[in-house]
Amino acid sequence: MKKYKKAQDIKLGVIGYGGSFNMGKIHLEAAMAAGMTPAAVCDLDPARAKEAEKHFPGISTYTDPAKMLKEADVELVIIITPHNTHAKLALQCLKAGKHVICEKPLAITTKECDAMIAEAKKNKLMLSTYHNRHWDGCILEAMKAFKAGKIGDIVRLDIHMKGGFPGKTWRSSKSISGGIMYDWGVHLLEYGLQLLGKAEIQDVRGFMKPCSNPAKAPWKNDTIEEEGFALVSFNTGQCLTISISQIDHNHADGFMTIIGTKATYAMGFTDWKLISNKGEVTVTEAGRNPKNEWPKYYQNIADFLSKGKELVITPEWSRRPIHILDLAEQSSKKGKTLPAKYK
């Protein structure tokens, strides 16, 4: 794999500048803070390309990814487009000899992930996913409590969140987004997999509640589910449940409950609770989470490519939550538990 003398030598291209959220701007500024150099932006909307020129004077702009890959002086391409385009664009970039970062999720299916990983290995290129929330304050604090022995051995993780996009945005389209589980679910599973470490996924049972009235929904029969649920077991005997729901109105403490042999940890974005028993007395500790450390993602990318440091968010790591969601979808359709598959 090609290494760079310094981070500044890593020239960046972006596909999909990002509309109202300006995600392209956010990514380029974060990468610049790690020392890398913005070089090109591609967006199908010429107005967004013009906007990029205002944000980054002198940057090259394109409306065709193939043209950018052929003409622009870029080493690393960041893909910020709808979920169902990630695999096709990533393979196009990898075949053109470019390192690739995909916004999460890496792809929609396991098959897509495996094709991307194989192409990256074949061409000796980096492939990663923008799992910036790997460094969220909430999971950093939970990991700290776990490593300090306060929770004990983890027995089960229960993840639950109100979510979904029932409006006209593409995120409410099943075929484009992957479904209700693919937006926040990818982040939440990545939190859980951090806590479970090297535990291997054993099998997955999924349940999906389709849209009740697709005729009145903006995306008709292509509308995302009203609820997705999965039970995941691991080779360590541990298990994980995850539900993303538009119809569950029970808001418990936190969105992840970590059940351990010593205590239960309720993890929220801003606060945490540690609940344990001292004899017959229930004791509750509580606190605030530290700040997020998102800059560490792009700093790690720069350090990996220029200094040879270990890549934190590998494509194999990014594949794990996708494999769970893919199996959950297949399991729901087939009505049975499905085994995980590792390469």
Side-chain angles (χ1 to χ4, degrees), residues 21-23 25-27 29-31 33-34 103-105 129-165 180-181 183-197 199 232 238-246 248-301 303 312-313 317-318 320-321:
F21 289 106
N22 275 332
M23 288 299 291
K25 181 173 182 287
I26 291 170
H27 276 268
E29 287 178 341
E103 250 292 356
K104 62 85 196 168
T129 305
Y130 186 59
H131 274 299
N132 58 317
R133 290 186 178 276
H134 185 88
W135 291 273
D136 269 359
C138 56
I139 187 61
L140 295 176
E141 188 67 18
M143 290 292 291
K144 180 180 176 182
F146 172 56
K147 289 177 180 178
K150 294 181 178 181
I151 300 171
D153 295 329
I154 294 175
V155 176
R156 185 178 82 248
L157 301 177
D158 289 333
I159 306 170
H160 41 84
M161 181 175 282
K162 180 175 174 59
F165 297 83
I180 192 171
M181 302 277 275
D183 195 67
W184 266 102
V186 176
H187 282 313
L188 301 176
L189 286 170
E190 203 271 339
Y191 289 151
L193 292 169
Q194 283 192 61
L195 286 159
L196 296 177
V232 188
Q238 298 163 302
C239 68
L240 174 157
T241 67
I242 178 169
S243 64
I244 310 291
S245 178
Q246 297 179 42
D248 186 353
H249 302 289
N250 179 28
H251 301 288
D253 285 336
F255 57 83
M256 180 186 288
T257 306
I258 306 166
I259 297 91
T261 53
K262 289 184 179 179
T264 295
Y265 188 98
M267 180 174 122
F269 283 113
T270 59
D271 306 279
W272 58 268
K273 288 183 180 178
L274 185 72
I275 306 158
S276 60
N277 290 327
K278 307 296 182 185
E280 296 183 357
V281 178
T282 299
V283 178
T284 301
E285 300 176 51
R288 302 277 291 180
N289 291 320
K291 292 182 179 180
N292 300 334
E293 298 179 11
W294 294 357
K296 287 188 174 180
Y297 176 80
Y298 271 112
Q299 191 59 61
N300 178 247
I301 295 294
D303 289 345
V312 175
I313 307 299
W317 178 261
S318 304
R320 298 177 82 201

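The first residue in the sequence is number 1, and the count goes up from there. Just so it is clear, the values below take in all heavy atoms, side chains as well, and ignore hydrogens, waters and symmetry mates.
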Can any side-chain N or O of D136 pair as donor or acceptor with the backbone N or O of F269 at less than 3.5 Å?
no
Hey, are the side chains of H160 and D248 touching, using non-hydrogen atoms and a 4.5 Å cut-off?
no
So, the side chain of N292 versus the backbone of G137: is there a donor-acceptor pair under 3.5 Å, distance only?
yes
I want to check something: taking the side chain as every heavy atom from C-beta on, are I259 and T257 in contact at a cut-off of under 4.5 Å?
yes
Which atom names give the shortest non-hydrogen contact between Y298 and H27, and what distance separates them?
OH-ND1, 2.7 Å
Under a 4.5 Å cut-off applied to non-hydrogen side-chain atoms, are M161 and M256 in contact?
no
Taking the side chain as every heavy atom from C-beta outward, state whether L188 and F255 have any pair of such atoms under 4.5 Å apart.
yes
Any side-chain heavy-atom pair of L193 and L240 under 4.5 Å:
no
side-chain contact (heavy atoms from CB on, under 4.5 Å) between N132 and H187, worked out:
CA-CA 9 Å; N132 58 317; H187 282 313; 4.0 Å; yes
Backbone N/O of Q246 and side chain of K162: donor-acceptor pair under 3.5 Å:
yes
Check whether any side-chain N or O of T261 sits under 3.5 Å from a backbone N or O of G152 as a donor-acceptor pair, and report yes or no.
no
Return yes if some donor-acceptor pair links the side-chain N/O of Q238 with the main-chain N/O of I154 below 3.5 Å, else return no.
yes
Measure the spacing between CZ of R133 and CG of L140 and express it to the nearest 0.5 Å.
12.0 Å
Where does the angle between the aromatic ring planes of Y265 and W272 fall among parallel (under 30°), tilted (30 to 60°) and perpendicular (over 60°)?
parallel
Can you tell if the side chain of H134 reaches within under 4.5 Å of the side chain of K296, non-hydrogen atoms only?
no
Is it the case that more than 12 heavy atoms not belonging to N277 sit under 6.0 Å from its CG atom?
yes
In sequence, state the C-alpha distance, the side-chain angles, and the governing distance for I313 and N300, and then conclude on side-chain contact (heavy atoms from CB on, under 4.5 Å).
CA-CA 9 Å; I313 307 299; N300 178 247; 5.9 Å; no
So which heavy atom on G268 is nearest to which on N289, and how close?
O-ND2, 2.8 Å
Could you report the tightest heavy-atom contact between K273 and A286, atom names first, then the distance?
CG-CB, 4.2 Å
Main-chain N/O of T129 paired with Y297 side-chain donor or acceptor, under 3.5 Å:
yes
Between atom CD of Q194 and atom CE of M143, what is the distance when rounded to the nearest 0.5 Å?
5.5 Å
Quick one: OH on Y130 to CD1 on I26, what's the gap to the nearest 0.5 Å?
7.5 Å
Should L157 and I242 be marked as a side-chain contact (heavy atoms from CB on, under 4.5 Å) after you check the CA-CA gap, both sets of side-chain angles, and the distance that decides it?
CA-CA 8 Å; L157 301 177; I242 178 169; over 6 Å; no
Intermediate values then yes/no, side-chain contact (heavy atoms from CB on, under 4.5 Å), I151 and K262
CA-CA 5 Å; I151 300 171; K262 289 184 179 179; 5.9 Å; no
What's the spacing between M267 CE and L274 CG if we round to 0.5 Å?
14.0 Å
List the atom of E141, the atom of P290, and the distance in Å for their closest heavy-atom pair.
OE1-CD, 3.5 Å
In terms of side-chain geometry, is the basic nitrogen of D158 or R156 positioned less than 4.0 Å from the acidic oxygen of its partner?
yes
Distance from T241 atom OG1 to I159 atom CD1, nearest 0.5 Å?
7.0 Å
Atom pair CZ (F146) and CG (D153), whose distance is rounded to the nearest 0.5 Å
7.0 Å
Between K104 and D183, does at least one N-O distance fall below 4.0 Å, as a salt bridge requires?
yes
